[in-house]
K.L.:
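Please read through the structure below; I'll follow up with questions.
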Amino acid sequence: MSLTSRRAFLKSFGLGCAALAVSGSLPLSAATRKPRNILFILADDLGWGDVSCYGSTPGLTPFIDAYAQQGVTFTDAHSPASTCTPTRYAIFTGCYAWRKPGTGIAQGDAALLIDPRLETLPKVMQRSGMVTGAVGKWHLGMGLGPGKTDWNKPISPSANAIGFDYTFLMAATADRTPCVYVEDGKVVNLDPNDPIEVNYQKNYPGEPDGVRDRATLKMDWHHGHNQAVVNGIGRIGYMKGGEKARWVDEDMADIFVEKACAFMEKNREKPFFLYLGTNDIHVPRVPHPRFVGSTPFGPRGDATRQFDDSVRRVIEKLRALGLEKDTLVVISSDNGPMVNDGYMDQAVEKLGDHRPAAHWRGTKYTPFEGGHRVPFIAVWEGQIPAGKRSQALLSLVDLGNTFAALRGVSISKDAMPDSFDVHEALLDPEKPSSRRAIISQDWYMSYREGEWKYIVPRRAGNAPSTKNNPLNGELYHLTGDASETKNVIAEYPERAKALYEALLKAIRDGRTRP
Ligand code: CA
């Protein structure tokens with residue numbers, strides 16, 4: 001992008017984050033307050049540096065920047081994994097996903113990955129008297145799995161089986177088949193005369209193909225994403241049928257916002273828990289035309305603006321319903337950013353000096369901070385201090401136990417084995433976290449305690465692993481080396497071994513929380 005247009009862009013939004021230092025807090029009461037409603041908005045692949053109030057490019061997220069001033073911006077919050085499925089598994093079960101094999105990035109036709117017998121975040125919310133809803137991205141499987149799920153009948157078990165009273169979801173991701181919405185276990189707009197079939201092995205005769213028909217695509221693929229073609233875009237996996245049920249990518253954000261708002265309106269008289277998982281800013285990045293060109297960064301930047309606007313519309317609805325003082329809102333992301341994630345969407349070419357992971361090293365898929373240190377903003381208007389930052393250590397796996405505590409519901413000692421109750425830190429930026437260490441996973445595992453972070457040897461294979469000599473791993477001292485540039489394991493072998501032993505203990509014990 002030209003310097004002129006970049007300056008114009010920055011000028012048009014001013015310095016979005018300066019106001020974070022503003023202090024307009026209300027006095028905290030000693031007693032724990034109980035939010036009547038909880039709204040949890042989870043972006044997809046949104047980087048720490050993609051949210052302007054975290055100090056990166058101004059103007060990308062103008063609503064969130066202003067909204068964050070109503071609450072607390074956390075700077076040391078982490079996704080339990082650097083990819084979608086394991087993070088989401090951990091959020092809803094309170095259990096690190098590496099404890100359950102088969103919870104890596106799921107195919108679009110995967111079976112429901114969460115055992116309906118498990119304690120889950122939505123079940124706990126139900127038990128506390130809330131109506132529970134899930135809208136948007138799922139990516140935790142549904143039905144019985146490849147070749148066994150009939151998409152033309154009620155899907156069982158559906159996502160509702162883990163504790164949601166209402167669900168309106170895409171099965172997996174926008175880049176995976178089936179490219180349809182599923183509401184309470186039923187494909188939306190399904191025509192019985194045009195049944196849907198899905199597989200991940202081979203295309204159906206006569207169906208378009210992302211390799212053969214590449215010249216027809218409205219967004220070309222860079223790697224993968226070249227199997228089924230839906231809405232002119234290549235996908236991972238194949239499908240046929242269901243023409244009337246297929247989504248239009250450009251409308252997806254609006255549809256999720258509308259469903260989320262409708263859920264809140266319908267349940268305005270009752271306590272509710274709503275999970276809104278946006279597709280933005282995951283690939284394919286195909287925002288509505290009104291956002292095209294809204295940033296100089298191409299579809300990736302425009303999708304970020306669309307995400308910001310989705311948050312705006314949902315929060316404005318909350319306020320219009322008069323529920324903002326009754327509702328704890330948490331906004332975060334499921335993992336770090338990825339610039340080129342498989343489509344020719346000019347994300348690399350137009351990136352300029354925007355740094356999606358800010359000063360953190362790494363991206364989605366990696367064990368470095370850029371892979372799992374995520375934006376995390378908590379707002380409860382009039383109830384928690386405004387305009388504050390907190391350095392409390394949090395993991396998204398903590399939400400289950402934390403929301404349970406806030407709603408006054410206990411969970412059994414054996415349930416949610418990795419979910420810490422961090423509600424005090426969530427409500428009060430002056431309070432430290434009850435959590436001292438975090439484990440993150442991508443292809444490899446890392447263990448961080450205080451300012452020291454250990455990464456297991458990255459030659460052990462494609463699975464969270466502790467194989468090989470621990471001293472072949474990496475050790476970073478985040479104080480003074482936040483960007484993880486200097487592996488100091490040769491200088492501090494005993495510290496590395498201690499962290500490695502702590503990781504082994506966490507695995508062996510089957511739990512990490514008190
Ligand atoms: Ca993701």
Side-chain angles (χ1 to χ4, degrees), residues 40-51 54 61 77-93 96-98 103-108 110 113-114 134-141 159 169-176 179 222-225 235-237 249 252-253 256 275-287 299-301 303-304 306-308 310-311 330-343 345 347 356-358 360 362-376 395-397 399 440-444 464:
F40 172 42
I41 301 175
L42 188 66
D44 199 341
D45 297 1
L46 184 74
W48 207 88
D50 287 320
V51 182
Y54 277 81
T61 51
H78 297 261
S79 55
S82 297
T83 51
C84 310
T85 301
T87 282
R88 289 156 199 268
Y89 182 88
I91 288 171
F92 290 129
T93 64
Y96 284 128
W98 45 262
T103 54
I105 301 171
Q107 284 186 179
L113 295 180
I114 296 175
V135 172
K137 169 156 172 170
W138 185 238
H139 209 183
L140 287 167
L169 303 165
M170 64 162 130
T173 60
D175 58 350
R176 284 177 175 79
C179 300
H222 179 273
H223 55 269
H225 307 94
R235 316 281 170 162
I236 304 169
D249 302 73
M252 185 178 283
F256 289 160
Y275 155 74
L276 170 59
T278 68
N279 169 56
D280 292 319
I281 60 170
H282 196 281
V283 294
R285 301 158 185 140
V286 193
R300 188 177 184 280
T304 307
Q306 179 170 265
F307 169 72
D308 184 72
S310 293
V311 175
V330 171
I331 303 168
S332 192
S333 178
D334 69 338
N335 51 252
M338 193 69 194
V339 180
N340 176 351
D341 211 4
Y343 290 95
D345 61 4
W360 307 110
T363 62
K364 177 183 180 181
Y365 308 113
T366 76
F368 302 107
E369 294 293 295
H372 57 80
R373 191 180 291 238
V374 289
F376 188 105
S395 172
L396 296 182
V397 73
L399 293 180
S440 301
Q441 94 180 71
D442 62 306
W443 300 130
Y444 315 94

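Just follow the structure's listing: the first ligand is 1, and inside any ligand the first atom is 1. Below, each value reflects all heavy atoms present in this structure, side chains not excepted, and no hydrogens, waters or symmetry copies.
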K.L.:
For N279, which residues count as a side-chain hydrogen bond (donor to acceptor under 3.5 Å, both in side chains) partner, sequence neighbours excluded?
P.N.:
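Not a single residue meets the side-chain hydrogen bond (donor to acceptor under 3.5 Å, both in side chains) criterion with N279.
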K.L.:
Relative to each other, are the rings of H225 and Y343 parallel, tilted or perpendicular (30° and 60° limits)?
P.N.:
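Because their plane-to-plane angle lies in the 30° to 60° range, the rings of H225 and Y343 count as tilted.
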K.L.:
Quick check for you: with the Ca ion (ligand 1) as the vertex, what angle do OD1 of D45 and OD1 of N335 span, to 10°?
P.N.:
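Here the angle at the metal atom is close to 90°, to 10°.
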K.L.:
May I ask you to check whether C84 brings an N, O or S atom to under 3.0 Å from the Ca ion (ligand 1)?
P.N.:
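Checking C84: at least one N, O or S atom is under 3.0 Å.
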K.L.:
Given atoms OD2 of D334 and OD1 of D44, what angle do they subtend at the Ca ion (ligand 1), to the nearest 10 degrees?
P.N.:
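The OD2/OD1 angle about the Ca ion (ligand 1) sits at 90°.
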K.L.:
Applying side-chain hydrogen bond (donor to acceptor under 3.5 Å, both in side chains), name anything that partners T173, two or more places apart in sequence or on another chain.
P.N.:
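For T173, the residues satisfying side-chain hydrogen bond (donor to acceptor under 3.5 Å, both in side chains) (neighbours in sequence not counted) are D175, R176.
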K.L.:
Can you classify the ring geometry of F40 versus Y275 as parallel (below 30°), tilted (30 to 60°) or perpendicular (above 60°)?
P.N.:
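Geometry flag for Y275 against F40: tilted rings.
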